[in-house]
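Note that the structure is predicted; figures quoted are calculated from it, not measured. In what follows, every heavy atom counts, from backbone to side chain, and hydrogens, waters and symmetry copies are set aside. Sequence lines set the chain letters: A, B, ... in the order given, protein chains first and strands last, and positions in each chain run from 1.
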Amino acid sequence: MTVPSPLPVPRLRFAPSPTGFFHVGSARSALFNWLFTRQRGGTFILRIEDTDEARNRPEWTDGIIAALEWLGMPPDEGPYFQSAQGAAHQAAIEALWNSGALYACGCTREEIEARTKARAAAGDPTPGYDGYCRDLGLPRGEGRALRFRTPDEGSTTVVDLVRGEVEFPHRATEDFICVKGNGMPLFVLANAVDDRTMAISHVFRGEELLPTTPKQIMLWDALNVATATDLALPVYAHLPLLVNEQGKKLSKRRDPVAVEMYREQGYLPSAFRNYLALLGWSPGEDEIVPLEELIERFRIEDVQRSPAFFDIQKLTHMNGVYIRALSTSAFVAESRPWVDPVAGEWAPGGWHDPDADSATTPGPPWPTERFNDEVFGLMAPVVQERVATLSEVPALVDFLFLEDPPIDQKGWDKAIGRDEVAPKLLQGAFDLYADCEWQRDELHRVTSDLGESFGRKLGKAQAPIRVAVTGRQVGPPLFESLEVLGRDETRRRLAAALTRLRTTT
RNA sequence: GGUCCCAUCGUCUAGAGGCCUAGGACACCACCCUCUCAAGGUGGCGACACGGGUUCAAAUCCCGUUGGGACUGCCA
């Protein structure tokens, strides 16, 4: 009996550069790489491309690792650092140089531009480097970049899992620089060399890298020749760009792209991941798909070729669905960083206050010693079905933990200030609440009767009470809220509202 | 300018020649439910960019046009 030879284990890398917050586009790339490896029993590798000393910062690397962790897709291998691969890079450069694939170039940017201009004036619009130093036989030296000698004829074809075969004519490919004047490799080279040394089998990355792929293929082939090896090219898949409402590539400067920010706003990693998976790919009939199914159904070949708009509204809707699907105890646990941050653990920078102009203020709005776990747990079920993001939670329960919740002036004016029945309603509630049974249904009944005695439906009758007790016009169901708040505190606030009414009008 | 990519409702997508008077989801609108707000239910609005082919038959294949985008750095 023969044992079937095992399929090679796919090795995929996610290779961000640590030059800023973790970008949602990067997260999507990481996800597709990760899904593929989970499905095929492959290896998901994190490689930090940190060869640009000027822009790299170690904290950005920490951010990448934390974000992957948060999204539930930590690397199987790594992080590896491209900066630690210097020896391999230098060996590759040496081999390439010795094989004649490279030549030294001393042209400055200005010189190249001047020649391009002159050429254009003479009627030749070909842009880019003109191969001035190509056959000068210049020796290598400080300040001289190394260029790759591209063929004059023919073309290089990129075989891409999502785009099919894409052909790039050589005559439009300039002799590109792959080693800087200081001897350090450029992305195009370092990236390919690392993929070789790490035995990467599949390269799934953003579409913006498609134009550099033919160069990397030429380099790959030249490296095979120069080192007398026969490494197989990785399988490429270029994922559609993530764009903003103007259809432009998501930019770190103008668009909300930081994954960290979504975490702060209280998006669940499960929801975020699910939404990300829908950008450029579709699982079929249902969009809300548990992770195991995502892994099972994902097919790189089915990825869309056109760009996708990152729609926060849809993300938010999906997050609400995920939040509502949580058990109450899980919801309480997930809410903790927003309502009762634990020292030393991750905490968001703020919470969402619907009545304030600025979106967030730092920390929960109440002193931590006033937070009560049990009380929060009692309110949690009705809060859970009313939020789409966790940062909205504090505003729905702050009246429980604030000694005197601030009263929203607009709400006060509308529900109490401009309503002559309001004082009677507040007084009536204050009286009736003194000795009725303190239970939601009973409070409902009593308040409903009170309203009717003034010819009011409950919807209108509850408004002044809500504002007086919680400070807001909207919030969780009132009678649940009162039940949890307690009789004495409720009546104290009703009395305070009555006093305020007398002193301000 | 050059090279390359892309093109189904406002958005994300289903659709791999007949199943399409184009399906779903988000958003929007209306109604229902309702103690506010949500959630939920019901219904509505809404797309194959255009022009040529190929075919008995095209959203699906081919060509062109138009439109959008990416890249074009001694950044990654």
Can you run down the salt bridge (charged side-chain N to carboxylate O under 4.0 Å, His left out) pairs that involve residues 187-197 of chain A, sequence neighbours left out, and say none if there aren't any? A/Arg13-A/Asp195, A/Arg47-A/Asp194, A/Arg47-A/Asp195
Could you list the residues that satisfy side-chain hydrogen bond (donor to acceptor under 3.5 Å, both in side chains) with A/Ser17, not counting sequence neighbours? none
Show me the protein contacts with nucleotides 60-63 of chain B, counting only N or O atoms at under 3.5 Å.
none

Does a distance-only test, which skips hydrogens and angles, find a donor-acceptor pair under 3.5 Å between the side chain of A/Glu245 and the base of B/rG10? no
Tabulated below should be each protein N or O lying under 3.5 Å from an N or O of nucleotides 70-73 of chain B; please produce it.
| residue | atom | partner | partner atom | Å |
| --- | --- | --- | --- | --- |
| B/rC71 | OP1 | A/Lys249 | NZ | 2.8 |

Taken in chain and number order and not counting sequence neighbours, the residues that satisfy salt bridge (Lys or Arg N to Asp or Glu O under 4.0 Å) with A/Arg163 are A/Glu207
Short of 4.0 Å, heavy atom to strand atom, which residues of residues 476-483 of chain A count as contacting RNA chain B? A/Pro476, A/Pro477, A/Leu478, A/Phe479, A/Glu480
For RNA chain B, which residues of residues 438-449 of chain A approach it to below 4.0 angstrom with any heavy atom? A/His444
Checking A/His238 against A/Thr213: is there a side-chain donor and acceptor pair closer than 3.5 Å? yes
Sorted by first residue and then second, give each salt bridge (charged side-chain N to carboxylate O under 4.0 Å, His left out) pair with at least one member in residues 311-321 of chain A; sequence neighbours left out. A/Glu287-A/Lys314
A/Tyr267: partners by side-chain hydrogen bond (donor to acceptor under 3.5 Å, both in side chains), with sequence neighbours left out: A/Thr316
Ordered by number, residues from residues 297-313 of chain A within less than 4.0 Å of RNA chain B (heavy atoms) are A/Gln304, A/Arg305, A/Ser306, A/Pro307, A/Ala308, A/Phe309, A/Asp311, A/Gln313
Which part of the nucleic acid does A/Glu167 contact within heavy-atom distance under 4.0 Å: base, sugar-phosphate only, or nothing? sugar-phosphate
Any base atoms under 4.0 Å from A/Arg324, or only sugar-phosphate, or nothing? Heavy atoms, all strands. sugar-phosphate
Scan A/Glu49 against the nucleic acid and name what it touches under 4.0 Å (heavy atoms): base, sugar-phosphate only, or nothing. sugar-phosphate
Both distances under 3.5 Å, Watson-Crick or G-U wobble: report the partner of B/rC19, or none. none
With sequence neighbours left out, what residues match A/Glu59 under side-chain hydrogen bond (donor to acceptor under 3.5 Å, both in side chains)? A/Arg57
State whether the distance check finds a donor on one side and an acceptor on the other, under 3.5 Å, for side chain A/Arg171 versus base B/rU3. no
Residues A/Val446 and A/Cys436: closest non-hydrogen pair is CG2-CB, 4.0 Å
Return whichever of A/Ala15 or A/His317 has its heavy-atom-nearest nucleotide of RNA chain B closer to the 5' end. A/His317
Who are the side chain to side chain contact (heavy atoms under 4.5 Å, CB included) partners of A/Phe454, not counting sequence neighbours? A/Val421, A/Lys424, A/Leu425, A/Leu450
On RNA chain B, more 5' by nearest nucleotide between A/Leu315 and A/Asn182 is A/Leu315
Pair partner, B/rU36 [Watson-Crick or wobble, under 3.5 Å]: none
Salt-bridge present (A/Arg445, A/Asp441; N to O < 4.0 Å): no
Partner nucleotide of B/rG64 by Watson-Crick or wobble geometry (both distances under 3.5 Å): B/rC50
